[in-house]
Amino acid sequence: MAGRQRQKRRADIELNKDYLSSLPSEIIEDILVKLPIKEAVRTSVLSSKWKSSWASMPNLVFAEKCLPESELIESVDKVLRVHQGPVLKFELDSDQLANRKAINRWLLVLSKNGLKDLRLMFYIYNGCTVPSSLFSCHELQHLEISGCTINGPRCFQGLKLLRKLTLRACYLVRITIEKFVSGCPFLESLTLIGVNKYDSLIIRSPNLKQLILVERFSDLLLETPNLTSATIFGYGLLPHGFKDFSPANDGCKSNILRAIGALSSIEELDIDSEFCEYLGSGPIPEKLPETFHHLKKISIRIDGRSKVVDTALCILQNVPNLKTLRLMLPCQNIWEEQRIATFSFLEQLEVVEILDFKDVGSLLAFAKFILGTAPKLEKLIIYGEDLYELEYGVGFQMKLASLPRLSSKAVILFGEVADIEFPSAFSYLWNI
């Protein structure tokens with residue numbers, strides 16, 4: 001009896017092996033790509049077909065944050081040594097690695113294997129350095145690096161095929177962002193979060209469409225004519241503050257003109273009060289030479305500083321086709337000034353979202369202004385903590401409900417802050 005059961009088990013095992021071996025190569029590759037590299041390696045015991053499939057996986061992902069450095073190096077070395085065929089994607093996420101020689105060795109191997117997607121994430125305080133062999137990966141289309149120093153080559157030839165670049169908490173040596181970006185003519189997406197501290201941050205990129213910038217700088221120049229989406233946050237001034245680009249200094253261009261004045265294709269813009277202060281640190285023109293005709297959605301965090309308020313109003317004066325406005329309101333009432341009622345941004349406005357307001361009086365004043373002057377308004381959404389507590393109460397809601405509305409479609413809605421994504425510079429930096 002026991003003998004028959006053993007024979008049955010062996011037969012079942014052989015049947016399973018035959019079944020796994022008979023799977024099409026495309027399905028095996030699809031399964032392997034979804035497994036951590038350790039688990040993918042273990043599938044080699046299933047059959048020779050699985051072993052050969054694993055050894056030719058195009059995507060290698062080492063998500064080994066806590067693995068000791070020596071074990072991680074041994075693992076990556078072993079995989080690259082037996083791997084056959086191209087490596088299209090290589091991802092490494094480690095809190096332990098700081099071995100520059102190992103990283104250099106891997107990059108030199110990958111640069112000869114058609115690498116298109118490279119992601120290197122390190123623990124910022126490990127002092128890890130990515131060597132200049134990074135720039136020998138000429139076929140890269142997507143590059144993401146965080147938590148390290150990047151050594152630029154002595155002669156930078158550019159990454160001619162790169163389309164997406166993300167750098168977080170990196171320090172660049174022997175290469176500037178201006179030179180890096182200019183050497184990537186097909187770049188479409190750029191994210192810079194906590195990269196170096198700049199006196200002048202210059203970004204020239206004719207094909208760039210998306211920009212996320214969370215940086216410390218005293219001057220910003222954007223020459224990105226095809227940019228459609230931008231998130232720009234400043235965090236903390238440099239010791240000497242912002243540069244004052246008055247007519248005496250640079251011929252007539254104010255900060256607002258240098259930074260965003262030429263973004264004629266912009267469709268979505270998200271800026272914070274620190275960046276608004278920079279924009280307003282020079283002369284603020286009443287009318288920008290390039291009106292933001294394509295801008296449909298804008299998010300602005302306004303605090304009580306006069307430069308921030310003036311900058312926000314200057315931008316709003318130049319967005320005639322705005323559909324969605326998101327605001328963090330200041331405590332004071334800035335909405336009763338006569339000139340605001342003539343702003344063109346009100347004409348097409350459909351949705352207004354108010355977030356993190358500090359004062360009920362300023363909120364009521366803004367609600368009165370928007371409801372009474374936006375002819376196509378559909379929703380006024382107010383987000384806040386404990387909106388129904390006694391400090392607001394039924395009286396607060398009744399006052400809002402009684403406000404006159406120019407649009408017959410306009411409704412007032414309430415939501416919790418947790419229900420909406422409204423990141424700050426701190427939240428970007430915290431997630432490094």
Side-chain angles (χ1 to χ4, degrees), residues 33 36-38 40 57-81 83 86-153 156 158-159 161-177 180-181 183-184 187 189-196 212 214-215 428-432:
V33 164
I37 193 68
K38 274 188 173 181
M57 283 174 57
N59 298 343
L60 301 180
V61 178
F62 297 87
E64 308 289 351
K65 273 186 172 291
C66 299
L67 193 68
E69 182 181 62
S70 59
E71 293 183 30
L72 178 61
I73 292 174
E74 182 181 355
S75 177
V76 177
D77 280 340
K78 181 180 179 181
V79 170
L80 291 180
R81 187 166 54 248
H83 193 275
V87 179
L88 302 182
K89 176 182 177 180
F90 184 86
E91 181 175 333
L92 177 66
D93 189 353
S94 171
D95 286 348
Q96 309 297 319
L97 186 65
N99 190 310
R100 179 178 175 178
K101 289 184 178 179
I103 297 170
N104 184 61
R105 182 167 66 247
W106 301 335
L107 288 173
L108 289 174
V109 171
L110 293 167
S111 67
K112 301 171 185 176
N113 281 274
L115 186 65
K116 298 184 184 301
D117 188 341
L118 176 62
R119 308 182 193 196
L120 302 174
M121 278 73 78
F122 304 106
Y123 181 53
I124 187 173
Y125 297 112
N126 266 4
C128 187
T129 297
V130 173
S132 59
S133 51
L134 164 70
F135 297 93
S136 64
C137 301
H138 297 297
E139 296 182 54
L140 277 177
Q141 295 181 12
H142 180 183
L143 176 61
E144 180 176 350
I145 304 180
S146 66
C148 65
T149 296
I150 301 174
N151 274 348
F156 178 55
L159 295 173
L161 301 180
L162 196 67
R163 294 184 178 276
K164 185 174 183 179
L165 173 63
T166 300
L167 301 177
R168 299 185 185 92
C170 293
Y171 187 78
L172 303 182
V173 177
R174 290 205 304 261
I175 187 171
T176 64
I177 283 295
F180 198 154
V181 171
C184 307
L187 193 66
S189 175
L190 175 64
T191 298
L192 300 175
I193 302 174
V195 180
N196 293 35
I212 297 176
V214 184
E215 290 294 344
Y428 276 104
L429 294 165
W430 180 259
N431 290 322
I432 289 177

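- Side-chain atoms of Cys137 and Ser111, non-hydrogen and from C-beta on, do get closer than 4.5 Å to each other.
- Between Lys164 and Glu144 there is no salt bridge, since no side-chain N of the basic residue sits under 4.0 Å from a carboxylate O of the acidic one.
- Side-chain contact between Leu143 and Leu134 is present, with heavy atoms from C-beta onward closer than 4.5 Å.
- Considering all non-hydrogen atoms of both residues, Ile145 and Ile150 come closest at CD1-CD1, 3.9 Å.
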Pair Leu165, Phe180 - check side-chain contact (heavy atoms from CB on, under 4.5 Å), show working. CA-CA 10 Å; Leu165 173 63; Phe180 198 154; 4.1 Å; yes
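- Distance check: Leu162 CG to His138 NE2 gives 12.5 Å after rounding to the nearest 0.5 Å.
- One finds the OG atom of Ser94 at 10.5 Å from the CE atom of Met121 (value rounded to the nearest 0.5 Å).
- Considering CG of Leu88 and NE2 of His142, their distance stands at 14.0 Å, rounded to 0.5 Å.
- Nearest heavy atom pair, residue Val130 against residue Cys148, reads CG2-SG, 3.6 Å.
- Ring geometry for Phe90 against Trp106 counts as tilted: the plane angle lies between 30° and 60°, on a 0 to 90° scale.
- In terms of modelled atom types and a separation under 3.5 Å, the side chain of Asn196 and the main chain of Leu172 share a donor-acceptor contact.
- Side-chain contact between Val79 and Glu74 is absent, with no heavy atoms from C-beta onward closer than 4.5 Å.
- Taking 4.5 Å as the limit, every side-chain heavy atom of Leu140 sits out of range of all side-chain heavy atoms of Leu161.
- Between Leu190 and Leu192 there is a side-chain heavy-atom pair separated by less than 4.5 Å.
- If you take CG on Asn113 and CG on Leu80, they are separated by 8.0 Å, rounding to the nearest 0.5 Å.
- Atom OH of Tyr171 has 12 or fewer heavy atoms from other residues, nucleotides or ligands within 6.0 Å.
- Closest non-hydrogen pair, Asn99 versus Ala102, comes out as OD1-N, 2.9 Å.
- Screening Leu120, Leu72, Val76 against Leu97 for a side-chain contact (heavy atoms from CB on, under 4.5 Å) leaves a single residue, Leu72.
- At a threshold of 4.5 Å between non-hydrogen side-chain atoms, the residues Pro131 and Leu107 count as touching.
- Shortest non-hydrogen contact noted between Pro153 and Phe156 is CG-CA, 3.8 Å.
- To the nearest 0.5 Å, the span separating NZ on Lys78 from NE2 on His83 amounts to 14.5 Å.
- What you find for Asn151 and Phe135 is that their closest heavy atoms are O-CE1, 3.5 Å.
- Looking only at distances, a side-chain donor or acceptor of Glu69 sits under 3.5 Å from a matching main-chain atom of Ala98.
- Using a 4.5 Å heavy-atom threshold, the side chains of Asn59 and Glu91 count as separate.
- The closest donor-acceptor contact from the side chain of Glu215 to the backbone of Val195 lies under 3.5 Å.
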### Task
Run the numbers on Leu67 and Phe62 for side-chain contact (heavy atoms from CB on, under 4.5 Å), then give the verdict.
CA-CA 10 Å; Leu67 193 68; Phe62 297 87; over 6 Å; no
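- Other residues, nucleotides and ligands contribute only 12 or fewer heavy atoms inside 6.0 Å of the NZ atom of Lys112.
- A salt bridge between Asp93 and Arg119 is absent, with no side-chain N of the basic residue lying under 4.0 Å from a carboxylate O of the acidic one.
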- Query: Where do Ile175 and Val173 land on the side-chain contact (heavy atoms from CB on, under 4.5 Å) test, with the steps shown first?
  - Reply: CA-CA 5 Å; Ile175 187 171; Val173 177; over 6 Å; no
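- A distance of 12.0 Å separates CD of Gln141 from CG of Leu187, quoted to the nearest 0.5 Å.
- Residues Ser133 and Asn104 have side chains that bring a donor and an acceptor to within less than 3.5 angstrom of each other.
- By the 4.5 Å heavy-atom criterion applied to side chains, Gln96 and Pro68 are not counted as neighbours.
- Counting only distance, with no hydrogens or angles, the side chain of Arg174 and the backbone of Gly152 share a donor-acceptor pair below 3.5 Å.
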